[in-house]
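Here is the structure we will look at, set down as structure tokens.
As the structure lists them, so they are numbered: ligands from 1, and atoms in each ligand from 1.
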Amino acid sequence: MYEGVVQDLIDELGRLPGVGPKSAQRIAFHVLQADPADVRRLAQVLTEVKARVRFCEVCGNVAEEERCRVCRDPRRDTTVICVVEESKDVVAIERTREFRGRYHVLGGAISPMEGVGPDDLRVKELLGRLSDGEVTEIIIATDPNLEGEATATYLARLLHPLGLRVTRLASGLPVGGDLEYADEVTLGRAFVGRRSLDA
Ligand SMILES: [Zn+2]
């Protein structure tokens with residue numbers, strides 16, 4: 001539709017999640033009209049984030065060092081692990097200030113529709129963290145939608161034989177929604193009222 005590099009920009013933007021062709025075009029023209037310094041800053045931060053940010057070797061959360069801030073914090077309770085789908089869920093739960101344990105970021109949820117199975121998630125790494133017997137409770141905080149529930153059920157079956165307390169966030173979270181969109185009060189309450197998951 002457009003010539004050369006303008007179309008390249010629209011194509012690249014269109015590959016981002018949640019950006020349709022119309023939005024891609026709108027953002028592209030915003031960039032074309034923007035101050036060169038602003039665009040340089042955006043380009044720089046995109047490059048920098050890929051160069052500097054990696055994933056925590058323990059929990060899979062985003063980190064700027066080998067371990068993320070939560071895993072480096074000696075005041076965190078090492079007997080409880082909260083399992084979430086994405087790093088953005090860690091941010092949402094941290095905002096509630098209800099949880100003092102550590103996290104495990106799966107990197108997604110089980111979704112047969114999208115061809116995502118347990119082997120595509122950081123499940124093996126989670127089991128590895130349980131081998132020394134220090135962890136006594138696993139809180140499953142996957143999203144309250146189909147994929148999140150399927151993942152919670154799978155994990156509960158896997159973890160129960162290990163003799164751990166396995167809990168799931170209490171209802172009250174909007175069903176079908178994303179954890180990150182829940183407000184702090186609702187999410188905090190869901191934490192306090194978490195219930196045991198029977199396999
Ligand atoms: Zn970590």
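Although no hydrogens or angles enter the test, the distance criterion places a donor-acceptor pair under 3.5 Å between the side chain of R72 and the main chain of R67. In this structure, R75 contributes its side chain and R100 its backbone to no donor-acceptor pair below 3.5 Å. Between the side chain of T142 and the main chain of T151, no donor-acceptor pair closer than 3.5 Å is present. Looking only at distances, a side-chain donor or acceptor of E85 sits under 3.5 Å from a matching main-chain atom of D143.
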> Going through the checks in order, is the salt bridge (charged side-chain N to carboxylate O under 4.0 Å, His left out) test met by R194 and E137?
Replying inline: CA-CA 12 Å; R194 65 184 180 271; E137 181 181 356; 2.7 Å; yes

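If you look at the Zn ion (ligand 1), the protein N, O or S atoms less than 2.8 Å from it are C56 SG, C59 SG, C68 SG, C71 SG.
Here the shortest heavy-atom pairing between S87 and N61 reads OG-OD1, 3.0 Å.
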